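Just below is one structure, and these are the notes that go with it.
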Amino acid sequence: MGDGGRVLAFLEGEGVDGRGRSLFEVLALDDAALERHHDFIQWLFPLDEPSAAVPDAPVLDPAGAAAVRESTLAQCALAAATDRMDRFYRRTDQWLRPNDPNHLRITRIIRSLRLLSGDAPADAFRDAILWRVEATRAPVSARSRGYWATA
């Protein structure tokens, strides 16, 4: 089974990620675990290009991306993952600084949502992140904000 099939199985709740965790186990991670672990985001929010941070992360080919877009279960999983990460970014502050690894995660989430769920979910997540940055007057770099705006 290629990466697209593995990702689809994971997002449909039938498979596991690279560490053997189910979708439900990943979504149930607490905020500290989400901050500590860096290998789940590529499974929750896959892209059509390799991850620089996690070289063995899955990569979607066009057929895999289409399968995720067409799967009701995978779309529900993406929505649940988006809600979970939105809660994480609302409840934590460590990422509200000029540069942080979470900024790359945020870019990935926006890009993955745009690829797999469309512009509306991607824009809504981006807008929520930018609202949090503005509301807290966080010194997030213009570079990170620029990546989010164009993701």
Side-chain angles (χ1 to χ4, degrees), residues 1-12 15-69 71 74-75 77-119 121-133 138-151:
M1 181 183 314
D3 283 347
R6 292 172 49 224
V7 168
L8 183 63
F10 174 76
L11 290 174
E12 289 183 338
V16 294
D17 70 3
R19 290 189 48 160
R21 299 171 294 207
S22 73
L23 169 70
F24 309 104
E25 289 170 324
V26 172
L27 292 176
L29 292 172
D30 64 19
D31 290 344
L34 290 181
E35 180 59 30
R36 189 171 52 251
H37 297 292
H38 298 278
D39 58 355
F40 67 88
I41 203 78
Q42 295 83 4
W43 287 87
L44 287 181
F45 298 98
L47 289 173
D48 54 359
E49 61 187 45
S51 167
V54 181
D56 62 343
V59 178
L60 289 175
D61 62 11
V68 171
R69 282 192 295 270
S71 167
Q75 289 302 310
L78 285 168
T82 302
D83 288 347
R84 178 63 188 98
M85 294 310 295
D86 180 62
R87 283 194 318 277
F88 171 77
Y89 290 120
R90 287 179 188 271
R91 296 191 308 214
T92 62
D93 293 331
Q94 76 281 352
W95 65 278
L96 292 168
R97 54 188 180 191
N99 295 295
D100 187 86
N102 278 291
H103 298 184
L104 296 174
R105 286 179 173 183
I106 291 166
T107 302
R108 169 177 276 275
I109 293 167
I110 297 166
R111 291 185 66 224
S112 178
L113 289 172
R114 196 167 308 287
L115 173 69
L116 301 173
S117 297
D119 290 338
D123 292 346
F125 184 82
R126 180 201 61 214
D127 292 349
I129 291 294
L130 290 173
W131 176 87
R132 177 93 161 99
V133 169
V140 171
S141 72
R143 184 176 182 179
S144 289
R145 285 178 285 150
Y147 283 131
W148 302 339
T150 59

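These numbers were taken from a predicted model, which means no experiment stands behind them.
- Under a cut-off of 6.0 angstrom, the local environment of CZ in R143 is sparse, with at most 12 non-hydrogen atoms contributed by other residues, nucleotides or ligands.
- In this structure, D123 CG and L113 CG are separated by 10.0 Å, a value rounded to the nearest 0.5 Å.
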Go through it in stages, so that I can follow the logic: the residues are I41 and M85, the test is side-chain contact (heavy atoms from CB on, under 4.5 Å), and I'd like the CA-CA distance, side-chain angles, deciding distance and then a yes or no. CA-CA 10 Å; I41 203 78; M85 294 310 295; 4.0 Å; yes
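- Counting only residues at least two apart or on different chains, the ring pair (Phe, Tyr, Trp, His ring centres under 6.0 Å) pairs with a member in residues 81-104 are Y89-W95, H103-W148.
- In this structure, CG in L11 is found 9.0 Å from CD in Q75, a value given to the nearest 0.5 Å.
- Residues that satisfy the side chain to side chain contact (heavy atoms under 4.5 Å, CB included) test with S22, not counting sequence neighbours, are F24, E25.
- D17 has no carboxylate O lying under 4.0 Å from a charged side-chain N of R6, or vice versa, which leaves the two without a salt bridge.
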Do D119 and R114 pass the side-chain contact (heavy atoms from CB on, under 4.5 Å) test, and can you show the C-alpha distance, the side-chain angles, and the key distance before you say yes or no? CA-CA 5 Å; D119 290 338; R114 196 167 308 287; 2.9 Å; yes
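- With sequence neighbours left out, D56 forms a side chain to side chain contact (heavy atoms under 4.5 Å, CB included) with V54.
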For the pair R132 and D93, evaluate salt bridge (Lys or Arg N to Asp or Glu O under 4.0 Å) and give the outcome as yes or no after the intermediate values. CA-CA 10 Å; R132 177 93 161 99; D93 293 331; 2.5 Å; yes
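- Nearest heavy atom pair, residue S51 against residue A57, reads CB-CB, 4.0 Å.
- A distance-only check finds no donor-acceptor pair linking the side chain of N102 to the backbone of R105 [under 3.5 Å].
- Here the shortest heavy-atom pairing between P58 and V7 reads CB-CG2, 3.4 Å.
- For A52, the side chain to side chain contact (heavy atoms under 4.5 Å, CB included) criterion is met by no residue, not counting sequence neighbours.
- Shown here are the side chain to side chain contact (heavy atoms under 4.5 Å, CB included) partners of A81, two or more places apart in sequence or in another chain: L27, L44, F45.
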Please report the C-alpha distance between R90 and D86 in whole Å, then the side-chain angles of each, then the deciding distance to 0.1 Å, and finally whether the salt bridge (Lys or Arg N to Asp or Glu O under 4.0 Å) criterion is met. CA-CA 6 Å; R90 287 179 188 271; D86 180 62; 2.9 Å; yes
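- Shortest non-hydrogen contact noted between R84 and D30 is NH2-C, 3.5 Å.
- Exactly one of L78, V68, T82 qualifies for a side-chain contact (heavy atoms from CB on, under 4.5 Å) with S117. That residue is L78.
- The closest donor-acceptor contact from the side chain of T92 to the backbone of Q94 lies at 3.5 Å or more, if one exists at all.
- You'll find the side chain of L34 reaches within 4.5 Å of the side chain of F40, heavy atoms only.
- Partners of F10 according to the ring pair (Phe, Tyr, Trp, His ring centres under 6.0 Å) rule, which considers only residues two or more places apart in sequence or in another chain, are W43.
- P46 and L115 make their closest contact through O-CD2, 4.4 Å (heavy atoms, listed as atom of the first residue, atom of the second, distance).
- Although no hydrogens or angles enter the test, the distance criterion places no donor-acceptor pair under 3.5 Å between the side chain of S112 and the main chain of R108.
- Ion pairing between D39 and R21 holds under the 4.0 Å rule for side-chain N and carboxylate O.
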Evaluation steps, side-chain contact (heavy atoms from CB on, under 4.5 Å), between D3 and L60: CA-CA 6 Å; D3 283 347; L60 289 175; 5.8 Å; no
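- Shortest non-hydrogen contact noted between A74 and S71 is N-OG, 3.0 Å.
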